[in-house]
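The structure under discussion appears below in the form of structure tokens.
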Amino acid sequence: MPTDDPTDTTNPTDTTKLVCLPYAGAGASFYRPWAALAGEALELVPLQLPGRERLIDEQPYRDVHKAVDGLLPRLREQLGDGDHRAALFGHSLGAVLAYELAHRLVAEPGIELVHLFVSGSPHPGRSREQRATGLSDDDFLARVGEFAGYRHPAFDDPEMREMLLPTLRADVEMHETYVPSTPLPLDAPLTVIRGEDDTLVGHDDAASWNKVSGRDFEHVEIPGGHMYLTESTPALVDLIVSKVLQPPPSPLFPHTSS
């Protein structure tokens, strides 16, 4: 935000980018309403996976690592030239996509990764016990409905179901077959967020993300179930903004000149 303080050297173009990764079946448009909530504090950069919305005619990914291979150049294209500060957010499938992308960005020139926010997922090395991949269409949708805690009405329309089901199946398979690319901890601050009443991802599942954190780690819970982010969006965005804008801690033994 512009200021009249002559000592303020902040460049408005240096706004931190919040790169958002979708959960299974979702598209980039899910995150667009967040822009109004974040205001000028963050610039939203929702990444689009193929097989949905404007990329509906492209084949969806079935492998997390191939997806990240495709997402990284798209992110660079959306960010444009110059140096950038970026934070990542992902929910459920988006959490492991964001985690793998974060490992890439740590070594990516011109991008400073300032924070990773993961939501609705156990840590990368722990897969969920119940699976939906390989089930019949009806059983698959019923199982996914159990996971999410709701069933999207679009799947009750035969034409919409035929159009959307292949992408949802690919996304779920991508999540359920995911294996982390590295055992190394992530060199960036990490916050895991969970809905207080999430029956799919328990408290200990969320807390287990500390195993892959190499820097500051925090576990936060927000009212709601697995899809809390659809109902508690303002609280979630406020949390992300506060963490991204929070100044780094002062050194324990500050340097003093003699």
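FYI, side chains are in, hydrogens and waters are out, and symmetry mates aren't considered; it's all heavy atoms of this structure. Along the sequence shown, the residues carry numbers beginning at 1.
A donor atom on one side chain and an acceptor atom on the other are found under 3.5 Å apart for Glu100 and Ser181. Counted by atom type alone, Thr133 and Glu176 present one or more donor-acceptor pairs between their side chains at under 3.5 Å. Residues Glu53 and Ser29 bring a donor and an acceptor atom of their side chains to less than 3.5 Å of each other. Side-chain atoms of Ser213 and Asn210 form no donor-acceptor pair, as typed in the model, at a separation below 3.5 Å.
Between Ile222 and Ser232 the shortest side-chain heavy-atom distance falls below 4.5 Å. For the pair Phe89 and Val19, the minimum side-chain heavy-atom distance is 4.5 Å or more. Side-chain contact between Leu79 and Lys17 is present, with at least one heavy-atom pair separated by less than 4.5 Å. Put simply, the side chain of Leu97 does not reach to within 4.5 Å of the side chain of Leu47, judged on heavy atoms. Here the side chains of Phe30 and Pro22 are not in contact, with every heavy-atom distance at 4.5 Å or above. Within the 4.5 Å cutoff, the side chain of Thr233 has heavy atoms near those of the Leu37 side chain. The shortest side-chain heavy-atom distance between Leu72 and Glu108 falls under the 4.5 Å cut-off. Counting only heavy atoms from C-beta outward, the side chains of Leu165 and Leu141 approach each other to under 4.5 Å.
Stacking of Arg194 on the aromatic ring of Tyr228 is not recorded, the 6.0 Å distance cut-off and the 45° axial limit not both being met.
When all heavy atoms of Gly94 and Leu21 are compared, the pair lying nearest together is O-CB, 3.6 Å. The minimum heavy-atom distance between Arg131 and Thr177, with the atom names listed, is NH1-N, 4.3 Å. Contact detail for Leu116 and Ala102: the closest heavy-atom pair is CD2-CB, 4.2 Å. Of all heavy-atom pairs between Leu49 and Ala67, the closest is CD2-CB, 4.5 Å. Contact detail for His91 and Ser119: the closest heavy-atom pair is ND1-OG, 2.7 Å. Nearest heavy-atom pair, Ala41 versus Thr15, reported as atom, atom and distance to 0.1 Å: O-CG2, 3.6 Å.
Formation of a donor-acceptor pair under 3.5 Å by the Trp209 side chain with backbone atoms of Ser121 is found in this model. In this structure a side-chain-to-backbone donor-acceptor pair under 3.5 Å is present from Thr182 to Leu184. Using modelled atom types, no side-chain atom of Lys243 and backbone atom of Val241 make a donor-acceptor pair closer than 3.5 Å. Side-chain N or O atoms of Asp171 include one that pairs as donor or acceptor with a backbone N or O of Gly25 at under 3.5 Å. Listed for the Ser242 side chain is a donor-acceptor partner under 3.5 Å among the backbone atoms of Leu239. Listed for the Tyr99 side chain is no donor-acceptor partner under 3.5 Å among the backbone atoms of Pro180. Proximity of a side-chain donor or acceptor of Arg52 to a complementary backbone N or O of Pro50 within less than 3.5 Å is detected. At least one donor-acceptor pair closer than 3.5 Å links the side chain of Arg215 to the backbone N or O of Asp187. A donor-acceptor pair is defined here as one N or O able to donate and one able to accept, closer than 3.5 Å; no such pair exists between the side chain of His123 and the backbone of Asp205. Under a 3.5 Å cut-off, the side chain of Thr167 and the backbone N or O of Gly51 do form a donor-acceptor pair.
Taking CE of Met163 as the reference point, atom CG of Leu168 lies at 12.5 Å (rounded to 0.5 Å). Here the CZ-NE2 distance, from Arg62 to His175, works out to 16.0 Å after rounding to the nearest 0.5 Å. To the nearest 0.5 Å, atom CZ of residue Phe155 and atom CG of residue Asp137 are 10.0 Å apart. To the nearest 0.5 Å, atoms CG (Leu88) and SG (Cys20) are separated by 9.0 Å.
Heavy-atom contacts from other residues, nucleotides or ligands closer than 6.0 Å to CZ of Arg76 number more than 12. When the shell of 6.0 Å around CD of Gln59 is examined, it contains 12 or fewer heavy atoms from other residues, nucleotides or ligands. More than 12 heavy atoms of other residues, nucleotides or ligands shown are found within 6.0 angstrom of CD on Glu196.
Between His65 and Tyr178, the two ring planes are tilted [angle within 30° to 60°].
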Legend entry - Trace of the side chain to side chain contact (heavy atoms under 4.5 Å, CB included) decision for Tyr23 with Met227: CA-CA 10 Å; Tyr23 55 88; Met227 294 301 294; 3.6 Å; yes

Inset, instruction - Just do the side chain to side chain contact (heavy atoms under 4.5 Å, CB included) check on Met174 and Asp63 with the steps written out, would you? - result: CA-CA 5 Å; Met174 177 163 50; Asp63 178 85; 5.6 Å; no

Inset, instruction - Before giving the answer on side chain to side chain contact (heavy atoms under 4.5 Å, CB included), spell out for Thr16 and Glu43 the whole-Å C-alpha distance, their side-chain angles and the decisive distance to 0.1 Å. - result: CA-CA 6 Å; Thr16 300; Glu43 180 182 336; over 6 Å; no

Inset, instruction - Would you check, one step at a time, whether the test side chain to side chain contact (heavy atoms under 4.5 Å, CB included) holds for Leu18 with Tyr31? - result: CA-CA 10 Å; Leu18 178 62; Tyr31 291 108; over 6 Å; no

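The aromatic ring centres of His219 and Phe217 sit 6.0 Å or more apart.
Of the residues listed (Val172, Asp138, Leu135), the one engaging Arg143 in a side-chain contact (heavy atoms from CB on, under 4.5 Å) is Leu135, and it is the only one. The only member of Val118, Ile240, Val244, Val220 that meets side-chain contact (heavy atoms from CB on, under 4.5 Å) when paired with Thr191 is Val220.
Under the 4.0 Å criterion applied to side-chain N and carboxylate O atoms, Asp156 and Arg161 are not assigned as salt-bridge partners. Contact check on Arg74 versus Glu58 returns a salt bridge, with a Lys/Arg side-chain nitrogen under 4.0 Å from an Asp/Glu carboxylate oxygen.
Under the 4.5 Å side-chain heavy-atom criterion for grouping Ile, Leu, Val, Met, Phe, Trp and Tyr, Leu113 is not connected to Leu42 through any hydrophobic cluster. In the hydrophobic cluster analysis, where Ile, Leu, Val, Met, Phe, Trp and Tyr join through side-chain heavy atoms closer than 4.5 angstrom, Leu93 is grouped together with Leu101. Under the 4.5 Å side-chain heavy-atom criterion for grouping Ile, Leu, Val, Met, Phe, Trp and Tyr, Met160 is not connected to Leu55 through any hydrophobic cluster. Hydrophobic clustering of Ile, Leu, Val, Met, Phe, Trp and Tyr side chains at less than 4.5 Å, counting indirect connections, unites Leu105 with Val64. In the hydrophobic clustering of ILVMFWY residues, with side-chain heavy atoms under 4.5 Å counting as a link, Leu75 and Leu44 come out apart.
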